[in-house]
Participant: 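Submitted below is the structure of interest, expressed as structure tokens.
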Amino acid sequence: MNVKESLSQVVINTIEELYATTISQDSINIQKTRKEFEGDFTLMVFPFVKISKKNPDITAKEIGDSLKNKLDYVESFNVVKGFLNISLKHTFWLDFLQKESKNDTFGHRTPSENTSPILLEFSSPNTNKPLHLGHIRNNLLGDAIARILTANGKNVIRLNLVNDRGIHICKSMLMHQKHFANETPQSTNTKGDKLVGKYYVAFDKQYKNEIEQLAESGIPKDVAEKKAPILLEAQEMLRKWEDEDKAVRVLWQTMNQWVYQGFDLTYKRLGIHFDKTYYESDTYLLGKKIIEEGLKKHVFYQHEDGSIRIDLQADGLDEKILLRADGTSVYITQDIGNAVLRYEEYQPSQLVYVVGNEQNYHFDVLRLILAKKLAYPWANRLFHLSYGMVELPSGKMKSREGTVVDADDLMDEMVAMAKQKTEELGKTTFSDAEIDELSETIGLGALKYFILKVDPKKNILFNPDESIDLNGNTAPFIQYTYARICSLLRKSTEASLPLTTVDISRQDTEKEILRLLYAYPETIETASEDLNPSLIANYIYELVKVYNRFYQETPILKEENQALRLFRLHLSAFTARTVSDAMSLLGINMPERM
RNA sequence: GGUUCCGUAGCUCAGCUGGAUAGAGCAACUGCCUUCUAAGCAGUAGGUCAUGCGUUCGAAUCGCAUCGGAAUCACCA
């Protein structure tokens, strides 16, 4: 039981004794004392004044007296208006440091293998174009959430669903066949996904030209968009693919392999991996049977044009197509099938989808159909982790128009910036190889932190001209703090000596650091429950900021009192470990020197 | 038009299960390296928390309305 819990329990008992009223846990609000007041934790007593029928100050004092009596670690308290500020004995904090600084899994829950897993789908790329900054956000969020859930003791299975078939892939294939048939990644010395992406852009260019030409010959634009010869050819190619035409399938296999080889490099550099990868070409027929069964049960109905539909107007949504008139499936059909497949395969406690907020409506429909129409009792376990778009000053990124920030280019740029900065600062004690490794750690760290520190549901504005900062609330700032502590520990000859008794009752900054460290487990818990890595990032920043103030203002190795010196050393080591652990939950590495 | 999300300092963001005087970073200005790594620290300046009404002892936080922005309402994924 942690302090807040035991304080809460005693408050409940006290209110019962003093005022003969039973209150619930929910009505108790205890938080970290604000730094301008004295104390460690603060209880709001306003909710109890109606019960006590006394003014807030008297009520606070009565509760404070009781807490002090009943809990031996409560040192004192003060009352400011209706706020009861509770100070713990300094030995409480020393004990905490002593115990947890040796605990390698501080803040983590031990993983429970036997519980039903959480399925976490993320990334889910199309194979017709390379990954861009928007995909980076998706991948980083998915990866960080997987790590955070695991730290909170959950059994997480990372899923990727690769969209490897469809008209968009045919567009790239067609352009390759028509204009670039001799090209391979090797022959052009190009990353496979980049090469295929080039064809996709080329298709769009030709398509637009054809529409324009048709329009000039007097054909209305909306008709031209459907009749452009190049589009018809792509559609024909998709039909051949579905008929398993050998030549088309071979080309498709070949080009997808190119893309996968490219993606693998990008994933590897980002530090992303999956436990299982599904391919849409294997699963795209999945939902059809369920729809047909639903039709028999009159959950769905057949429209006069032959398509199968569902009317969701009673639930505030619209009519939705589930199967086309020709019997082929649409996206929602596949997702219904996928969800059922996954449920049957894993019996998950949750199915989380990391997908952009542009698909909010889609997931509303999906959950509604699964829950209300198909009556799957597990449908409420579906959770759409909806994140905001990454926008440029010019607006949304569009692959087809080439207005994207390419994932690989951005990583290169960040690493180059880190390297330049390192050289500017005159870090001369590193070998070339060490500089490269350090630049990778710093550059990628800066990128990841930049993305993950923002609340997932908010849009991110990325200005390529300003790029990503390396100062202030950034990963390099945090990494630097870590490296400085590592340096202290390397220099000290006492780092392995045990903590000894020391009076820290007046060490306010140190106690503030300890209070923050104490909050690490609950931070992981909240981030896990909310599926929100930004809570971890903000926590780290707060901790590091206070530590830096301490580092700057207070002698550590140079402290003459050995007991105090050891205390500060242990505190520093514990901070470094916790910061590093928290950063690892964001997938960010830490350098021991920088 | 319907639905959902967003609106906090010049810019980028914290703070939101209601709590004390709304915080950081960037940009600007001022100090601090003969002392543990200055990728740092301290300070100055910058706010009608979009607006209005309501609920409450207490509202940036909750509710309603209005205004602004985004997404979506596909036989695309």
Side-chain angles (χ1 to χ4, degrees), chain A residues 26 29 31 33-34 36-37 42 44-47 49-50 56 80-83 85 124 126 128 163 165-168 280 303 305-309 316-326 328-335 355-362 364-365 386 388-389 391 395-396 418 421-422 424-425 427 429 442 446 450 453-455 457-463 466 468-481 483-492 526 534-535 537-538 541-542 545 548-559 568-569 572 593-594:
Chain A
D26 302 342
N29 184 351
Q31 46 198 241
T33 302
R34 293 178 61 127
E36 56 266 42
F37 299 96
T42 296
M44 307 300 153
V45 299
F46 296 103
V49 297
K50 275 186 189 154
V80 181
K81 292 188 254 173
F83 299 88
N85 301 318
S124 305
N126 292 349
N128 63 324
N163 181 11
R165 47 138 258 132
I167 187 73
H168 40 293
E280 211 187 279
H303 191 261
D305 67 5
S307 61
I308 295 174
R309 305 184 176 195
L317 305 175
D318 297 312
E319 186 180 60
K320 186 85 185 171
I321 286 250
L322 298 170
L323 280 181
R324 296 186 184 104
D326 64 4
T328 58
S329 57
V330 294
Y331 183 43
I332 193 97
T333 321
Q334 298 172 38
D335 262 352
V355 177
N357 62 13
E358 55 198 353
Q359 291 187 36
N360 285 353
Y361 180 75
H362 170 77
D364 287 346
V365 171
S386 163
M389 299 289 100
E391 292 178 330
K396 205 179 155 182
K421 184 84 185 264
T422 304
E424 273 170 19
L425 290 168
K427 308 274 181 180
T429 61
I442 294 171
F450 174 79
K453 76 174 177 186
V454 180
D455 187 328
K457 68 171 182 267
K458 291 195 176 176
N459 288 356
I460 289 181
L461 181 72
F462 175 78
N463 187 340
E466 293 170 11
I468 296 172
D469 239 300
L470 301 178
N471 298 315
N473 186 1
T474 65
F477 168 79
I478 295 160
Q479 290 168 324
Y480 182 66
T481 305
R484 287 205 297 199
I485 299 177
C486 289
S487 170
L488 280 182
L489 297 175
R490 276 193 303 270
K491 284 188 174 151
S492 171
T526 311
S534 76
L535 299 177
N538 291 326
Y541 182 59
E542 201 182 344
K545 229 174 7 158
N548 270 335
R549 192 176 75 220
F550 161 71
Y551 177 93
Q552 204 89 20
E553 290 174 353
T554 320
I556 300 168
L557 299 180
K558 297 193 168 159
E559 169 58 44
R568 288 177 180 160
L569 213 49
S572 298
R593 293 166 58 218
M594 76 182 267

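In what follows, every chain begins at residue 1, and chains take the letters A, B, ... in the order their sequences are listed.
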Participant: Any side-chain N or O of A:Arg34 under 4.0 Å from OP1/OP2 of B:G23?
Facilitator: yes
Participant: Determine the interatomic distance between C1' on B:G43 and the same-named atom on B:C49; round to the nearest Å.
Facilitator: 25 Å
Participant: Quick one: which of B:A39, B:A77, B:A42 gets closest to the side chain of A:Arg324?
Facilitator: B:A77
Participant: Looking at B:A20, does its base get a donor-acceptor pair with the side chain of A:Asn85 below 3.5 Å?
Facilitator: yes
Participant: Looking at B:A20, B:C75, B:G25, which one has an atom nearest to any side-chain atom of A:Asp305?
Facilitator: B:C75
Participant: Mind checking the C1' distance from B:G47 to B:A24? Whole angstroms is fine.
Facilitator: 14 Å
Participant: Tell me if a side-chain donor or acceptor on A:Thr554 pairs with a main-chain N or O of A:Phe550 at a distance below 3.5 Å.
Facilitator: yes
Participant: Check every atom of B:C13, B:C57, B:U21 against the side chain of A:Val454 and return the nucleotide holding the closest atom.
Facilitator: B:C13
Participant: Report yes if a side-chain nitrogen or oxygen of A:Lys545 is closer than 4.0 Å to either non-bridging phosphate oxygen (OP1 or OP2) of B:G23; otherwise report no.
Facilitator: no
Participant: Can you tell me if A:Asn473 touches the phosphate of B:A24, counting only side-chain N or O atoms and a distance under 4.0 Å to OP1 or OP2?
Facilitator: no
Participant: Establish, with yes or no, whether the OP1 or OP2 oxygen of B:C75 is under 4.0 angstrom from a side-chain nitrogen or oxygen of A:Ser307.
Facilitator: no
Participant: Classify the glycosidic conformation of B:C67 as syn or anti, calling it syn when the angle lies within 90° of 0.
Facilitator: anti
Participant: Any side-chain N or O of A:Lys453 less than 4.0 Å from the OP1 or OP2 oxygen of B:G15?
Facilitator: no
Participant: Is any side-chain N or O of A:Tyr480 closer than 4.0 Å to OP1 or OP2 of B:A39?
Facilitator: yes
Participant: Say whether A:Thr474 and A:Asp469, considering side chains only, have a donor N or O and an acceptor N or O under 3.5 Å apart.
Facilitator: no
Participant: Base of B:A39, side chain of A:Thr474 - is there a donor-acceptor contact under 3.5 Å?
Facilitator: no
Participant: Within this structure, what is the CG-to-P distance between A:Asp364 and B:A71, rounded to whole angstrom?
Facilitator: 17 Å
Participant: With the side chain of A:Met594 defined as its heavy atoms from C-beta on, choose the nearest nucleotide among B:G25, B:C36, B:A39.
Facilitator: B:A39
Participant: Quick check: any donor-acceptor pair below 3.5 Å linking the side-chain of A:Ser124 to the base of B:A77?
Facilitator: no
Participant: Pairing of RNA chain B as dot-bracket, 5' to 3': ( ) intra-strand, [ ] crossing, | other strand, . unpaired, with Watson-Crick or G-U pairs under 3.5 Å?
Facilitator: (((((((..((((.....[...)))).(((((.......))))).....(((((..]....))))))))))))....
Participant: Could you tell me how far apart A:Glu466 (CD) and B:G10 (P) are, to the nearest whole angstrom?
Facilitator: 16 Å
Participant: Between C1' on B:U4 and NE2 on A:His362, what's the gap in Å once rounded to a whole number?
Facilitator: 16 Å
Participant: What is the distance, rounded to the nearest whole Å, between atom CD1 of A:Ile460 and atom C1' of B:C5?
Facilitator: 15 Å
Participant: Can you label the angle between the A:Phe46 ring and the A:Phe83 ring as parallel, tilted or perpendicular, going by 30° and 60°?
Facilitator: perpendicular
Participant: Measure from the side chain of A:Arg484, starting at C-beta and using heavy atoms only, and say which of B:G40, B:U4, B:A24 lies closest.
Facilitator: B:G40
Participant: Counting side-chain heavy atoms from C-beta on, which of B:A77, B:G40, B:U37 comes nearest to A:Gln359?
Facilitator: B:A77
Participant: B:C64 and B:C76: how far apart are their P atoms, nearest whole angstrom?
Facilitator: 37 Å
Participant: In whole Å, what separates the C1' atom of B:C62 from that of B:C26?
Facilitator: 33 Å
Participant: If I take atom CZ in residue A:Phe450 and atom C1' in nucleotide B:U12, what distance separates them, rounded to the nearest angstrom?
Facilitator: 8 Å
Participant: Examine B:C6: is either OP1 or OP2 under 4.0 Å from a nitrogen or oxygen in the side chain of A:Lys457? Give yes or no.
Facilitator: yes
Participant: Taking atom C1' of B:C26 as reference, at what distance in whole Å does atom CZ of A:Phe477 sit?
Facilitator: 14 Å
Participant: Between B:A20, B:A14, B:G19, which one does the side chain of A:Asn538 approach most closely?
Facilitator: B:A14
Participant: Check the distance between B:A38's P and A:Leu425's CG and give it to me in whole angstrom.
Facilitator: 11 Å
Participant: Indicate, with a heavy-atom threshold strictly under 4.0 Å, whether A:Phe37 touches base, sugar-phosphate, or nothing.
Facilitator: base
Participant: Rounding to a whole Å, what distance do you find between A:Leu461:CG and B:A70:P?
Facilitator: 13 Å
Participant: Has A:Lys491 got a side-chain N or O lying under 4.0 Å from the OP1 or OP2 atom of B:U37?
Facilitator: yes
Participant: Distance between the C1' atoms of B:C75 and B:G68, in whole angstroms?
Facilitator: 35 Å
Participant: With sequence neighbours excluded, tell me which residues meet salt bridge (charged side-chain N to carboxylate O under 4.0 Å, His left out) with A:Glu319.
Facilitator: A:Arg309
Participant: Are A:Val454 and A:Asn459 close enough, and set up right, to give a side chain to side chain contact (heavy atoms under 4.5 Å, CB included), and what steps lead you there?
Facilitator: CA-CA 8 Å; A:Val454 180; A:Asn459 288 356; over 6 Å; no
Participant: For B:G40 and A:Asn471 - does any side-chain N or O of the residue sit under 4.0 Å from the phosphate oxygens OP1/OP2?
Facilitator: yes
Participant: Output the single nucleotide from B:A77, B:C73, B:A70 whose closest atom is nearest the side chain of A:Asn459.
Facilitator: B:A70
